[in-house]
Protein chains: 2
Amino acid sequence: MINFTIKFQYGIPLYEQIVYAVKKAIVSEQLKPGDQFPSVREIARELRINPNTAQKVIAHLVREGLLEIKPGIGSVVSELGIATNAQRDKIFKDEVEKLVVECKRLSITKKEFIDAVNRNWKLDNEKGEE
Amino acid sequence: MINFTIKFQYGIPLYEQIVYAVKKAIVSEQLKPGDQFPSVREIARELRINPNTAQKVIAHLVREGLLEIKPGIGSVVSELGIATNAQRDKIFKDEVEKLVVECKRLSITKKEFIDAVNRNWKLDNEKGEE
DNA sequence: CTAACTGTAATATATCACATAGTACACCTT
DNA sequence: AAGGTGTACTATGTGATATATTACAGTTAG
């Protein structure tokens, strides 16, 4: 069984969209640590993509620490990780800056932006934690 | 004269990095509306890239409304635009969501994230406006 | 043990984005 | 007329993406 949903879009790599859908499912607790993750061949069959592409998804998720491999058995959802300094820098200095620049060039105010952040922070996680 | 600075990175398209550098320069008022923008051939020469790539930069900036073309003369920095509903949706629903998901999976708190936003909002624009 | 499942690796093919090189044309200023 | 401007076109090479197919080692269930 596939535990996450996808609506494919043009112009974005398939594997990338799937990786993101999985992240979203984990963050919103549709997928919990310890849950069995669908196999390469099952993903390929259900989503009608090539097994190589499905394998690429798993490889990415493992490298990013979201899945763990049980050889001969399959993969399992990992516990949530903690950001390294490099990851924090990438988000806080690069990613946030990009969004801020884009907002400013479109005359979007900081308040509007922060409101959107608050909205999104609660949306995927009904508990509304910090 | 080139009015913006770039430090090229691996893995990111040249034209994309240049487009972003220009956006940043405009947002931080190193480039102001009405300023003459360097020509295709000047960009290519100064940054040591192919004229076609420089042309791609200008084409992107024009399409996004950051530059205006004066035929036979060159290009000029436009006034800051106002976001369309589609642009606001893309930022508020897609881009922000992506960052929020990434933060949650790395156990970054909302407070830490909002702090980073506040920091970045002031950084490129010394006046610290809304 | 065997069959059926797991992740993983390799080869091959086709398509597209990116960056380069080079040439050409219409437009405008000096 | 000369030299600048944006723009368009062909061509080449490289890499990422996605496909198809085959193969192998590890694990489990019968």
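The chains referred to below are lettered A, B, ... by the order of the sequence lines, with proteins before strands, and numbering in each begins at 1. Just so it is clear, the values below take in all heavy atoms, side chains as well, and ignore hydrogens, waters and symmetry mates.
We find that CZ of A:Arg63 is positioned 14 Å from C1' of C:dT8, with the value rounded to whole Å. In this structure, the CD1 atom of A:Ile58 is 14 Å from the C1' atom of C:dC5, given to the nearest Å. Distance B:Phe37 CZ to D:dT5 P: 13 Å, rounded to the nearest Å. Put simply, CD on B:Glu42 is 9 Å from P on D:dG6, counting in whole angstrom units. Nucleotide C:dA19 holds its P atom 13 Å from the OH atom of B:Tyr10, rounded to whole Å. If you take CD of A:Glu68 and P of C:dG7, they are 14 Å apart, rounded to a whole angstrom. Nucleotide C:dA19 holds its C1' atom 11 Å from the CD1 atom of B:Ile18, rounded to whole Å. Note: CG (B:Leu67) to P (D:dG6) measures 10 Å, nearest angstrom.
In terms of modelled atom types and a separation under 3.5 Å, the side chain of B:Glu42 and the main chain of B:Met1 share a donor-acceptor contact.
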Between the protein and nucleotides 26-30 of chain D, which nitrogen or oxygen pairs come in under 3.5 angstrom?
from: D:dG26; atom 1: N2; to: A:Gly72; atom 2: O; distance (Å): 3.2

Which atom pairs link the protein and nucleotides 9-13 of chain C when you take only N or O atoms and keep those under 3.5 Å?
from: C:dA10; atom 1: N6; to: A:Asn52; atom 2: OD1; distance (Å): 3.0

Could you pull out the protein-nucleic contacts involving nucleotides 13-18 of chain D (nitrogen or oxygen on both sides, under 3.5 Å)?
from: D:dT17; atom 1: OP1; to: A:Tyr15; atom 2: OH; distance (Å): 2.9
from: D:dT17; atom 1: OP2; to: A:Lys56; atom 2: NZ; distance (Å): 3.0
from: D:dA18; atom 1: OP1; to: A:Leu14; atom 2: N; distance (Å): 2.1
from: D:dA18; atom 1: OP2; to: A:Leu14; atom 2: N; distance (Å): 3.4
from: D:dA18; atom 1: OP2; to: A:Tyr15; atom 2: N; distance (Å): 3.4

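A salt bridge does not link A:Lys90 to A:Asp94: none of the charged side-chain nitrogens sits closer than 4.0 Å to a carboxylate oxygen. With salt bridges taken as basic N to acidic carboxylate O contacts below 4.0 Å, none links B:Lys98 and A:Glu95.
For the residue pair A:Glu102/B:Tyr20, the side-chain donor-acceptor check at 3.5 Å is not satisfied.
Atom-to-atom distance recorded for B:Asp115:CG and B:Asn118:CG is 6.5 Å, nearest 0.5 angstrom.
Transitive grouping of hydrophobic side chains (ILVMFWY, heavy atoms separated by less than 4.5 Å) brings A:Leu67 and A:Val57 into a common cluster.
Remark: the A:Arg41 side chain and the C:dG7 base include a donor-acceptor N/O pair separated by less than 3.5 Å.
Shown here is A:Ile82, whose CD1 atom has no more than 12 heavy atoms of other residues, nucleotides or ligands within 6.0 Å.
Qualifying side chain to side chain donor-acceptor pair (under 3.5 Å) partners for B:Gln55, counting only residues two or more places apart in sequence or in other chains: none. A search for ring pair (Phe, Tyr, Trp, His ring centres under 6.0 Å) contacts involving B:Phe92 returns nothing, not counting sequence neighbours. Taking the salt bridge (Lys or Arg N to Asp or Glu O under 4.0 Å) definition, one finds that A:Arg88 meets it with B:Glu112, sequence neighbours left out.
Counting only heavy atoms from C-beta outward, the side chains of A:Asp35 and A:Phe37 never approach each other to under 4.5 Å.
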